[in-house]
Q: 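Here you go, one structure.
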There are 2 protein chains.
Amino acid sequence: MGTTQLESVPEPKYWHLKTVIGEALDSDFAVGEILPNERELAARFGVARATLRQALEQLELEGRLQRRRGVGTTVAPPRMGVDVSTTQQAWPGAGEDVWQSVDCVTATPPAAVARLLEAEPDEPVHVVRRLRVTQGQAVAAELLYVPLARVPGQPAADAPAGPARARGVLRELQRLVLDGQDRSVELGSARADDAKELDRLPGAPVLVVTTRYLSEGRTAAVSVATYRADTCKLTFGDSGDLVMAS
Amino acid sequence: MGTTQLESVPEPKYWHLKTVIGEALDSDFAVGEILPNERELAARFGVARATLRQALEQLELEGRLQRRRGVGTTVAPPRMGVDVSTTQQAWPGAGEDVWQSVDCVTATPPAAVARLLEAEPDEPVHVVRRLRVTQGQAVAAELLYVPLARVPGQPAADAPAGPARARGVLRELQRLVLDGQDRSVELGSARADDAKELDRLPGAPVLVVTTRYLSEGRTAAVSVATYRADTCKLTFGDSGDLVMAS
DNA sequence: CAGTGGTCTAGACCACTTC
DNA sequence: AAGTGGTCTAGACCACTGT
C-alpha cells in the first residue's frame, strides 16, 4: 500500500489498456503469436473498439505489435538494428549487398530536394529508386536524386528506365571524389508509393533519413530514405566495429 | 481526358483531407497562425470530427501542425535541426551549453538498460536527469545511467538528490578515458514524466536516442534521450563543420 | 465562464486475406 | 463466405486554457 495514488490525474482508459496489454505481451505471449481479434479484446476489457484500437495503435508504434488487415494482430519481434552509420564515407551503392536498385527515371525534384541540391527547382535529375532488404524483409525505400549535370559521362540519359540504368548512374557517381556527407533523421508518414514497397498502409510512421553527398564543394546527390519505424532501429556504430546487437 | 484515375483504389477521406489541408497550409496560412477549431473545420469539410482529427493527427506527426488542448491548432514552424553527431567523441556534459542537469538519484535501472550496461539487473546506478533546451524550448529529456562502480571517487553517493549531485557525477565521468560510443535511434512514445518535461501529452511520438559510452572495454554509461518528434529533426554533421540548415 | 482539443461510445460499412 | 483490421459517423462528456 502506501503510494496507491488515487487517480489524482485520472489516466485515460486507452493508456491504462496499453500498459495492461503490454505487460500481458511480456508474460503470456510469444513472438509471432496472434492475439484475439479487436472485437473480442474490446469486449473482454469492456471498452469500445475505438478505445481498444487506440491502445493497439500505440503498441504498434512502439514496435510491440504488428497488425495486418484481413489477417490479425501478432506479437512483433524486437526491432532489428539497421546500420546507417557514416563513418566509412562512401557513395551509395558501394556495398551493393543491402540496397537493391529498382528503377531510374529522369524528372524534376520536389522543391525541398532542389533546395538541398542547391539547384534550380526545374533542373532535371536522375531519380534512382532503391530498396533496402534485410533478412528477406524490405525495411527502407529510397529515392536518390542526382542532377544530370553532376555525372559527367551521361550513362544513357535516354536509356530505358529500369534497374540497369539505376546501376549505371550509381557507377558514374562513384567516379567522383566524395568530400563528405551529412545526414538527418526525422519522423514522417509513408507516401503511397513507399508504403506499397514497404508492405504498409499509406501514412504509416517512418523514419526519414536524408543524406547529402558533397563533392568538390557542391552537393552532388541527395538521398531520401524512408525506414519502417515499426520494425527498425537505426544504429550508428561510431566505435570501431562494435555494433549494438540487441 | 488523360489520367483522371477514377478511384481505382478509393482514397480514404482522412487521407484526402490531409492533402487538402496540407496544401492550404502552404498557401493560405502563416507560421503561428491559428486554424479554425475542429468542429468548425469538420463541418466545413462535411465530415465527422473523428475523421477530421485523423487528418490533423497526421499533419501534426509530420510537424506541420501543433495542437494544444484548451488553446487551439496552430501552424508549426519548420522542424529545428538538433545536432546529435558523435564525431567529436565526448562524455555527456562536455559542452554544458545545451543540456541542463535537473536531478540525480540512485536506483536500479530498467532491465533493458541493465543489459546494455552489461550489469546485473539489481546493480545500483546513478540516474542523472537532464533537459536539452534549444531556443528557449525543451526539445529532449534524458536519463543517463552510470553504475556506481564505474565512477571511482564517489561524488557524494548520499548527497541530496538534485542538480548539484548530477553535475558531480558528470564531473567524475569526464575523468575516465572515452574509448568510443555507439548510438541508435528509434521511434517511441513519451512516458508520462518525459511528456511533462517536454510539454506534451503522454504517448506523444518521440525519437529515442540511446547512446552507449565505452571506457576500458566496458560500457561506462548509457544515455536514453527522448526528443520531441514533432518539432525536431536530428542531424548528424559528418562533413567538417557543415550543418544542414533548412 | 466559454471555448478548445482529448477521450469515449455503439454502432455501420468497407477492403483485404484466407479458406 | 467468413473473418480480420481499416474507415467513418454522430453524438457525449472530460480536461485544460484563457478571460
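Since the structure is predicted, the reported quantities are computational estimates derived from the model, not experimental observations. Chain letters run A, B, ... following the sequence lines, proteins first, then strands; residues in each count from 1.
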Q: Using modelled atom types and a 3.5 Å cut-off, is there a donor and acceptor pairing between side-chain atoms of B/Arg191 and backbone atoms of B/Pro202?
A: no

Q: How far does CZ of A/Phe45 sit from NE2 of A/His16, to the nearest 0.5 angstrom?
A: 9.5 Å

Q: Can I get a per-line list of side-chain donor-acceptor pairs under 3.5 Å for residues 27-34 of chain B, giving both atom names and the distance, sequence neighbours left out?
A:
| from | atom 1 | to | atom 2 | distance (Å) |
| --- | --- | --- | --- | --- |
| B/Ser27 | OG | B/Glu23 | O | 3.2 |
| B/Glu33 | OE1 | B/Ala30 | N | 2.7 |

Q: Is the A/Tyr227 ring parallel, tilted or perpendicular to the A/Trp99 ring (thresholds 30°, 60°)?
A: perpendicular

Q: Counting heavy atoms not belonging to B/Arg49, are there more than 12 under 6.0 Å from its CZ?
A: yes

Q: Hey, does B/Leu56 reach any base, or is it just sugar-phosphate, or nothing, if we go heavy atoms under 4.0 Å?
A: nothing

Q: Take atom CD of A/Glu11 and atom P of C/dG6, then tell me their distance rounded to the nearest Å.
A: 18 Å

Q: Output the pairing pattern of DNA chain C as a dot-bracket string, 5' first, Watson-Crick or G-U wobble with both distances under 3.5 Å, | for cross-strand pairs, [ ] for crossing pairs.
A: .|||||||||||||||||.

Q: Between the protein and nucleotides 2-5 of chain C, list the N/O to N/O atom pairs that are separated by less than 3.5 angstrom.
A:
| from | atom 1 | to | atom 2 | distance (Å) |
| --- | --- | --- | --- | --- |
| C/dG3 | N2 | B/Gly70 | O | 3.2 |
| C/dT4 | OP1 | B/Asn37 | ND2 | 2.8 |
| C/dT4 | OP2 | B/Asn37 | ND2 | 3.1 |
| C/dT4 | O2 | B/Gly70 | N | 3.1 |
| C/dG5 | OP1 | B/Thr73 | N | 3.4 |
| C/dG5 | OP1 | B/Thr73 | OG1 | 3.1 |
| C/dG5 | OP2 | B/Glu38 | N | 2.9 |
| C/dG5 | N7 | B/Arg39 | NH1 | 3.1 |
| C/dG5 | O6 | B/Arg39 | NH2 | 3.1 |

Q: Rounded to whole angstrom units, what separation is found between the CG atom of A/Leu201 and the C1' atom of C/dT17?
A: 13 Å

Q: Atom NZ of B/Lys13 to atom C1' of C/dA15: distance rounded to whole Å?
A: 16 Å

Q: Can you tell me if A/Arg79 uses its side chain to pair, donor with acceptor, with the backbone of A/Asp230 under 3.5 Å?
A: yes

Q: To the nearest Å, give me how far apart CG (A/Leu65) and P (D/dG6) are.
A: 11 Å

Q: Does the side chain of A/Tyr14 get closer than 4.0 angstrom to OP1 or OP2 of C/dC8 through an N or O atom?
A: no

Q: Say whether, by atom type as modelled, one donor and one acceptor occur between the side chain of B/Arg183 and the main chain of B/Val84 under 3.5 angstrom.
A: yes

Q: Let me know the distance between CG of B/Leu52 and C1' of D/dG11, rounded to the nearest Å.
A: 16 Å

Q: Between OG1 of B/Thr226 and CD of B/Glu197, what distance do you get to the nearest 0.5 Å?
A: 9.0 Å

